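A short worksheet on the structure shown next.
Along the sequence shown, the residues carry numbers beginning at 1. Being a predicted model, the structure only gives us computed values, none of them experimental.
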Amino acid sequence: MTEQERIVQLRTELHRLNHLYYVENRSEIPDQEFDALMHELADLEALHPELSDPNSPTQRVGSDLSGDFQSVEHRYPMLSLGNTYNRADVAEFYRRVSEGLGGEPFEICCELKFDGLSISLTYEQGRLIRGVTRGDGQRGDDVTAAVRTIRSLPLQLPEGSDWPADFEIRGEVLLPWENFERINREREAREEPLFANPRNAASGTLKSKDSRVAAQRGLDAYLYYLLGDSIPGRTHFDNLQAARRWGFKVSDATTLCRSLEEVYAFIDHWDEARHVLPVATDGVVLKVNDLTQQRRLGYTSKSPRWAIAYKFQAERARTRLMNVTFQVGRTGAVTPVAEMQPVALAGTTVRRASLHNEDYIRQYDLHLGDWVFVEKAGEIIPQIVGVDVDARDVFLGQPVQFAKTCPECGAQLVRYDGEAAHYCPNASQCPPQLRGRVEHFVSREAMNIESIGPETIADFFERHLIRDVADLYALDVQAVSGGNQNRAVSAKKVIDGICKSLAVPFDRVLFALGIRFVGRVAARAVARHFHSIDAIASASAEELQQVEGIGKVIAESIVAWFQSENNRQLVARLRAAGVQMFMAEEQRDSEALGGKSIVISGTFSHHSREEYKALIERHGGKNVSSISSKTSFILAGENMGPSKQQKAASLGIALVSEAEFLAMIGEAPQAAAPTLFG
């Protein structure tokens, strides 16, 4: 294989692995193997600059930016750290620092690498002013409301301390193990998807629009870097001690090391001791202590030369596979689960691990009774990563066979072309699917019936009050309360929520029906093209594929759904109850934006970014994420990034204000609501 072919192969594989990790929350290989592939690709690309590709995995900069929050530019860029898994790279880092400083003495500040969400906090006159996520390193999301709920963060620094009038402090927002496990127990009881790990839970909590969620879940924060024009110390360690005096939570593990051997000793100690910590850690961070030396060493385009992250190897255990059971998800997907002899792993006892699908079982050629190797992906989710084939008893161990029938209802399982999962097709009778469709129907992005959660739905099924979503509209206060006057108030809230859902627009109703493969975007596109449920029900697959973004798979799924007599009766009952089954005239497409490609940037007063995206689509425009010569104009709000302004100016692309845009589509802007602070 030539180097050029290897580059193509590595890019394809890394894109696939990224999708598995960030979209499907699972990993096929340990982190160090992934990083090794990434390093190999970076080295090959450096040798072949003529093969550069802006979409290469090596060019990808992680971002937690969300269109739902105000974007804020960092005063100092938040760069990522280079990382390694071996002592040789640590020694090489130490050597480079020594050479960069001309051989003069230096200290390394060793810290724990917390596995959370990076945050930058700004304080003025001792008061917390703003909390901003890392974002893309240049700009982040303003999450101040959620940050204020973190009890370990001081909102007002104590008087009489030596804190400067204006400074920035950075750290990691975390969800402690205790709170993570509590939240997942609660979510499991409500039959909600579990968080994969504390980092995902912390990220979702910090990005919640309701700061009460952050307050209830109990986030924590450790701070690890101080910036500003008047910070007190000449060294990083001294500044951390100052931050501790001011009331910030700084890890007690932080240690000054004056030799490579001391650095190794720190790494070795915490590789074991980390398992008893109250929060998740995945390595250590090594920083040159003296700030003047940091400035002399400087930065690469992506990371500081004076710091590196050493990531711990994933802990592995060997145990015996005793059985494989099968679970049915809300969409009918059947997941195999390994039942193993209990084994201690990374501070917990592991008994079960997901096997994902039939292909995963075949990949490892699993046999009952096999001795298997288990790791915790991201230190959280147990997964089987290998089999001790030499220890297999060829006479006793039978190959693991994937289920042929549904363990819940007995229906014959099916596997659709192009999919790894098996599904139970008995959508009208299988209990987990029946409950799951109701849960989807009432969810926020669908009918938004907030008063009904998984526990309430389970109760309704147990009392035989409902069997499908249409039954919700036949409920009354007496039925919901069961005649118990103590439940009358909550029962009325449930009925009020159901009644309010009758005003939900048609495109969300179509999404709420839970047609396979029809997500929010597809439902919106189909609803705006056909305008009514009857037109959609009578459309052929070919006609459906005329809608932009609707391919053969989605089209055939819609056709199949409406061919079911049970589904047609369901629609009739929902229509009779008053659910919106057509798109109101004012919601239908116009051609005011006539195929224009529009970039949205900044923050707005009259609508959210998501609402503006919907308005653009409704009026015939296209949402695009980046500025190019094909961009028609930029819908420019407040705090638009200077880089985008410069690029727009260089390409001669117009900036359209919020008021100008609303005038374009014939919508008169409403007066902004008054605020407490003007």
Can you give each donor-acceptor pair under 3.5 Å made by side-chain atoms of residues 456-464, sequence neighbours left out, with the distance rounded to 0.1 Å?
residue, atom, partner, partner atom, Å
Asp459, OD1, Arg463, NE, 3.4
Asp459, OD2, Arg463, NE, 3.2
Asp459, OD2, Arg463, NH2, 3.1
Arg463, NH1, Ala479, O, 3.2
Arg463, NH2, Val480, O, 2.8

Quiz item: Are any of the side-chain heavy atoms of Leu277 and Leu112 separated by less than 4.5 Å?
Solution: yes
Self-check item: With His367 via ring-ring contact (aromatic ring centres under 6.0 Å, His included) - residues at least two apart
Solution: none
Quiz item: How close do Ala391 and Trp371 get, heavy atom to heavy atom, and via which atoms?
Solution: CB-CD1, 3.9 Å
Quiz item: What heavy-atom pair brings Cys110 and Leu286 nearest, and what distance separates the two atoms?
Solution: SG-CD2, 3.6 Å
Self-check item: Donor + acceptor pair across side chains of Arg318, Gln341 (<3.5 Å)
Solution: no
Quiz item: Rounded to the nearest 0.5 Å, what separation is found between the CG atom of Leu475 and the OG atom of Ser481?
Solution: 11.0 Å
Quiz item: For the atom pair OG (Ser428) and CG (Leu570), what is the distance rounded to the nearest 0.5 Å?
Solution: 11.5 Å
Quiz item: Atom CG of Leu219 and atom CZ of Arg151: how far apart are they, to the nearest 0.5 Å?
Solution: 11.5 Å
Practice problem: Only counting residues at least two apart or in another chain, list the ones meeting ring-ring contact (aromatic ring centres under 6.0 Å, His included) with Phe373. | Solution: none
Quiz prompt | Atom of Asp89, atom of Asn86 and distance for their closest heavy-atom approach | solution = N-OD1, 2.7 Å
Quiz item: Side chains of Val350 and Thr319: closer than 4.5 Å at any heavy-atom pair?
Solution: no
Quiz prompt | Tyr224 side chain vs Ser251 backbone, donor-acceptor pair below 3.5 Å | solution = no
Quiz prompt | Any Leu206 side-chain heavy atom under 4.5 Å of Ile119 side chain | solution = yes
Quiz item: What residues form a ring-ring contact (aromatic ring centres under 6.0 Å, His included) with Phe93, not counting sequence neighbours?
Solution: none
Quiz item: Hey, are Arg274 and Thr281 close enough side-chain-wise for a donor-acceptor pair under 3.5 Å?
Solution: no
Quiz prompt | Polar side-chain atom of Asp370 near backbone of Val372 as donor-acceptor pair, under 3.5 Å | solution = no
Quiz item: Side chains of Leu434 and Arg467: does their closest heavy-atom pair fall under 4.5 Å?
Solution: yes
Quiz item: Are the side chain of Ser451 and the backbone N or O of Ile449 linked by a donor-acceptor pair below 3.5 Å?
Solution: no
Practice problem: State the CD-CG distance between Gln429 and Asn566, to the nearest 0.5 angstrom. | Solution: 8.0 Å
Exercise. Measure the shortest side-chain to side-chain distance between His356 and Pro336 over non-hydrogen atoms and say whether it is less than 4.5 angstrom.
Key: no
Exercise. Hey, could you give me the CG/CG distance between Asp282 and Asp115, rounded to the nearest 0.5 Å?
Key: 4.5 Å
Quiz prompt | Under 3.5 Å: donor-acceptor pair, side chain of Asp268, backbone of Asp271 | solution = no
Self-check item: CD/Glu339: more than 12 non-hydrogen atoms of other groups inside 6.0 Å
Solution: yes
Exercise. Report yes if the side chains of Gln327 and Ser354 come closer than 4.5 Å at any heavy-atom pair, otherwise no.
Key: no
Exercise. Please state whether the rings of Phe266 and Trp270 are parallel, tilted or perpendicular, taking 30° and 60° as the class boundaries.
Key: tilted
Exercise. Quickly, which of His440, Arg508, Arg520 forms a side chain to side chain donor-acceptor pair (under 3.5 Å) with Glu445? Name it, please.
Key: Arg520
Quiz item: Just by modelled atom types, is the Arg199 backbone N or O under 3.5 Å from a matching donor or acceptor in the Ser203 side chain?
Solution: no
Self-check item: Arg568 CZ: over 12 foreign heavy atoms closer than 6.0 Å
Solution: yes
Quiz item: Of all residues at least two apart in sequence or in a different chain, which pass the ring-ring contact (aromatic ring centres under 6.0 Å, His included) check with Phe114?
Solution: Tyr222
Practice problem: Give a yes or no on whether a salt bridge exists between Arg435 and Glu439, defined as a side-chain N under 4.0 angstrom from a carboxylate O. | Solution: no
Quiz item: For Ala411 and Pro425, which heavy atoms make the closest approach, and how far apart are they?
Solution: CB-CD, 4.3 Å
Practice problem: Identify, with sequence neighbours excluded, every residue that meets side chain to side chain donor-acceptor pair (under 3.5 Å) alongside Lys249. | Solution: Asp220
Quiz item: What is the minimum heavy-atom distance between Cys430 and Val328, and which atoms define it?
Solution: SG-CG1, 4.2 Å
Practice problem: State the CZ-CE distance between Arg352 and Met322, to the nearest 0.5 angstrom. | Solution: 15.0 Å
Quiz prompt | Non-hydrogen side-chain atoms of Asp471 and Val438 separated by less than 4.5 Å | solution = no
Quiz item: With a cut-off of under 6.0 Å to the ring centre and 45° to the axis, is Arg415 in cation-pi contact with Phe402?
Solution: no
Exercise. Work out which heavy atom in Ser557 is nearest to a heavy atom in Arg516; give both atom names and the distance.
Key: OG-O, 2.6 Å
